[in-house]
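Indexing begins at 1, ligand by ligand and atom by atom, following the structure's order. Atom set for the values below is all heavy atoms of this structure, side chains included, hydrogens, waters and symmetry mates excluded.
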Amino acid sequence: MFKNLINGEWVEAPGVTRNINPSDTRDLIGEYAKADAAQTQDAIAAAQAAFPAWSLSTPQQRFDILDAVGSEILARRNELGDLLAREEGKTLPEAIGEVARAGNIFKFFAGEALRPGGEVLPSVRPGVGVEITREPVGVVGIITPWNFPIAIPAWKIAPALAYGNCVVFKPAELVPGSAWALADILSRSGLPKGVFNLVMGPGSQVGATLLDDARIAAITFTGSVGTGKRVAAACVARMAKFQLEMGGKNPMIVLDDADLGVAVNCAVQSGFFSTGQRCTASSRVIVTEGIHDRFVAAVVEKLRSLKVDDARKAGTDLGPVVDASQLAQNLKYVEIARGEGATLAYGGDALEHNADGQPGFYMRPALFTDTTAGMRINGEEVFGPVVSVLRAKNYDEALHLANDTPFGLAAGIATTSLKHATHFKRHSQAGMVMVNLPTAGVDYHVPFGGRKGSSYGPREQGRYAAEFYTTVKTAYTQA
Ligand code: NAD
């Protein structure tokens with residue numbers, strides 16, 4: 001059994017989680033520890049005990065550790081990418097890319113450890129000086145989803161450690177393999193014991209314990225809106241700091257003046273790749289009249305050419321859906337959209353096997369046309385390879401439809417008009433806006449996050465991460 005890491009020791013847990021390959025459900029990747037509340041409390045106690053010393057560690061010490069972690073991840077990107085593709089189902093190139101991203105994130109925050117910053121200001125009172133500094137917040141509870149099994153943990157763990165916090169990390173139960181591999185690297189990096197702890201196990205036990213424990217100073221969460229609301233309520237009840245990254249129903253606008261090839265690539269890339277299982281996926285494509293029919297025909301042609309197969313097989317474009325319940329949810333939304341009167345222009349059916357007869361959670365990507373704003377398919381996140389097309393008269397109507405959502409994570413536009421691109425960047429109500437680029441696929445050194453119902457609290461990634469992982473102190477000195 002792959003064990004949990006608590007206070008620098010690998011420990012058995014009361015239960016076991018079986019990690020199954022969604023590309024071939026006969027393939028058991030491994031058995032992973034499943035902690036309970038008591039084991040979670042052990043990890044919290046270890047992190048709390050480690051905090052005073054780690055919070056005063058030198059920038060050089062933190063740099064050396066994070067840089068070494070980043071180097072090992074990058075050196076092992078193919079092997080770790082293979083594990084990631086095997087447990088999550090994204091294609092091997094996508095998985096290797098995600099692992100490289102995780103390595104680069106550790107390298108970035110290694111550098112940030114050397115640049116903590118601060119300000120020295122004159123006081124408004126004579127003879128007084130003012131210093132503004134940042135200090136770590138304490139023990140951070142990290143709760144992550146299954147769809148980016150190594151990049152999301154990396155973009156939370158690396159800044160937490162870089163700014164001097166201790167960590168209790170609770171990964172998603174569906175993808176313990178990548179989390180364990182990352183913890184293994186961290187366990188050999190020179191971190192003092194207890195600074196980083198891995199507690200694999202269910203949200204209802206491990207996650208809930210983190211939310212309610214007064215020794216956890218801050219919770220950073222990425223996952224569904226439903227769980228995010230629980231995190232918020234629990235943190236507010238005990239005045240803990242928290243940060244939420246949640247769902248999306250991201251729009252991609254295609255205007256009459258768009259380059260058709262660019263528009264199709266943006267829509268297919270961000271709507272269907274990674275099997276549509278990205279919070280930044282554009283699941284609503286809003287297309288103006290003059291290009292609508294040509295665009296839909298080109299997307300359908302492109303979808304016909306995509307190969308749905310084992311995530312690790314060369315030439316696979318779309319891997320399987322992550323598990324049976326996500327597949328059932330996708331198929332349910334296909335039925336909902338049909339019931340609402342949308343036209344199924346392509347796909348939408350489950351495939352029980354791949355071409356080699358491997359049983360897996362395969363699904364043909366689904367494209368709906370003739371959809372309208374009030375339909376559930378345009379209001380609710382599916383989190384699968386299911387995209388709907390809305391028709392718009394002109395740019396103004398397209399912009400209105402794009403913003404007509406309770407979410408606000410990412411938004412895109414395909415256009416050759418500088419005027420419309422510029423207007424859209426300013427008037428989109430999303431945290432991340434893309435012009436002639438897919439909505440999914442972002443840099444690792446700049447802020448990531450959304451508005452409205454998609455996100456809550458400070459941004460993640462880049463130097464903006466300091467807002468969450470540090471607290472500001474203002475000190476006055478009478479000379
Ligand atoms: P989820 O909310 O089911 O689970 C997320 C994490 O919360 C898991 O580790 C889970 O075990 C834990 N959890 C569950 N119940 C809990 C509880 N009561 N207390 C504490 N923790 C609990 O989400 P998921 O299905 O793993 O991920 C899919 C969702 O994540 C989608 O909605 C997607 O949009 C979102 N997501 C958002 C972003 C973003 O940055 N905005 C990125 C990736 C995924």
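Of all protein heavy atoms, the one lying nearest to atom 37 (C) of ligand 1 is M246 O, 3.0 Å. Ranking the protein heavy atoms by distance from atom 12 (C) of ligand 1 puts I143 CG2, 3.6 Å first. Of all protein heavy atoms, the one closest to atom 17 (C) of ligand 1 is G203 O, 3.5 Å. Of the protein's non-hydrogen atoms, S224 OG, 2.6 Å is the one closest to atom 2 (O) of ligand 1.
Note: an N/O pair closer than 3.5 Å links K170 and ligand 1 by distance alone. Remark: ligand 1 and P202 share no N or O pair separated by less than 3.5 Å (distance only, no angle test). Inclusion of T144 in the set of residues having an N or O under 3.5 Å from an N or O of ligand 1 is warranted. Note: no N/O pair closer than 3.5 Å links P145 and ligand 1 by distance alone. Among the atoms of T227, some N or O lies under 3.5 angstrom from an N or O of ligand 1. The shortest N or O to N or O distance between T222 and ligand 1 is not under 3.5 Å.
The 12-atom threshold is exceeded at NZ of K107, counting heavy atoms of other residues, nucleotides or ligands nearer than 6.0 Å.
Of all the atoms in ligand 1, the ones that sit under 4.0 Å from a non-hydrogen atom of I152 are 42 (C), 43 (C). Near L211, the atoms of ligand 1 lying under 4.0 angstrom from a non-hydrogen atom of the residue are 19 (N), 20 (C). Close approach of ligand 1 to L409 is summarised as follows: ligand atoms under 4.0 Å from at least one heavy atom of the residue are 41 (N). Interface atoms of ligand 1 facing G207, defined by a heavy-atom separation under 4.0 Å, are 19 (N), 20 (C), 21 (N). Close approach of ligand 1 to C279 is summarised as follows: ligand atoms under 4.0 Å from at least one heavy atom of the residue are 34 (O), 36 (N), 37 (C), 38 (C), 39 (C), 40 (O), 41 (N), 42 (C), 43 (C), 44 (C). Remark: ligand 1 atoms within the under-4.0 Å shell around heavy atoms of A172 are 9 (O). For ligand 1 and R230, the ligand atoms under 4.0 Å from any heavy atom of the residue are 18 (N). Atoms of ligand 1 lying under 4.0 Å from at least one heavy atom of F221, given by number and element, are 2 (O), 5 (C), 6 (C), 7 (O).
Residue contact annotation: F383 has a non-hydrogen atom under 4.0 Å from ligand 1. In this structure, E173 does not count as a contact residue of ligand 1, since none of its heavy atoms falls inside 4.0 Å of the ligand. For P171, the heavy-atom gap to ligand 1 drops under 4.0 angstrom.
Each of W180, F2, W10 was evaluated against Y32; a single residue qualifies, F2, per the ring pair (Phe, Tyr, Trp, His ring centres under 6.0 Å) test. Here the options are P176, S178, P171, the test is side-chain contact (heavy atoms from CB on, under 4.5 Å), and the partner is P149; only S178 passes. Each of K90, R312, R76 was compared with D82 under the salt bridge (charged side-chain N to carboxylate O under 4.0 Å, His left out) criterion, and only R312 meets it.
The closest heavy-atom contact to atom 34 (O) of ligand 1, among the options Q329, K229, E381, K249, comes from E381. Nearest to atom 43 (C) of ligand 1 by heavy-atom distance, out of N147, D212, V206, is N147.
The CG atom of N265 sits 9.0 Å away from atom CG of L437, with the distance rounded to the nearest 0.5 Å.
The ring of F242 has its center closer than 6.0 angstrom to the ring center of Y456. Annotation: F448 is in aromatic contact with W155 [ring centroid separation under 6.0 Å].
A salt bridge links E467 with R134: the distance from a Lys NZ or Arg NE/NH1/NH2 to an Asp or Glu carboxylate oxygen falls below 4.0 Å. Taking the charged nitrogens against the carboxylate oxygens, R338 and E335 do have a contact shorter than 4.0 Å, which makes a salt bridge.
Between T144 and I152 the shortest heavy-atom distance is CG2-CG2, 3.8 Å. Among all heavy-atom pairs drawn from V69 and S189, the shortest one is CG2-CB, 3.6 Å. Heavy-atom minimum distance, A33 versus N4: CB-ND2, 3.7 Å.
Scored by the salt bridge (charged side-chain N to carboxylate O under 4.0 Å, His left out) test, R62 finds no partners at all (sequence neighbours excluded).
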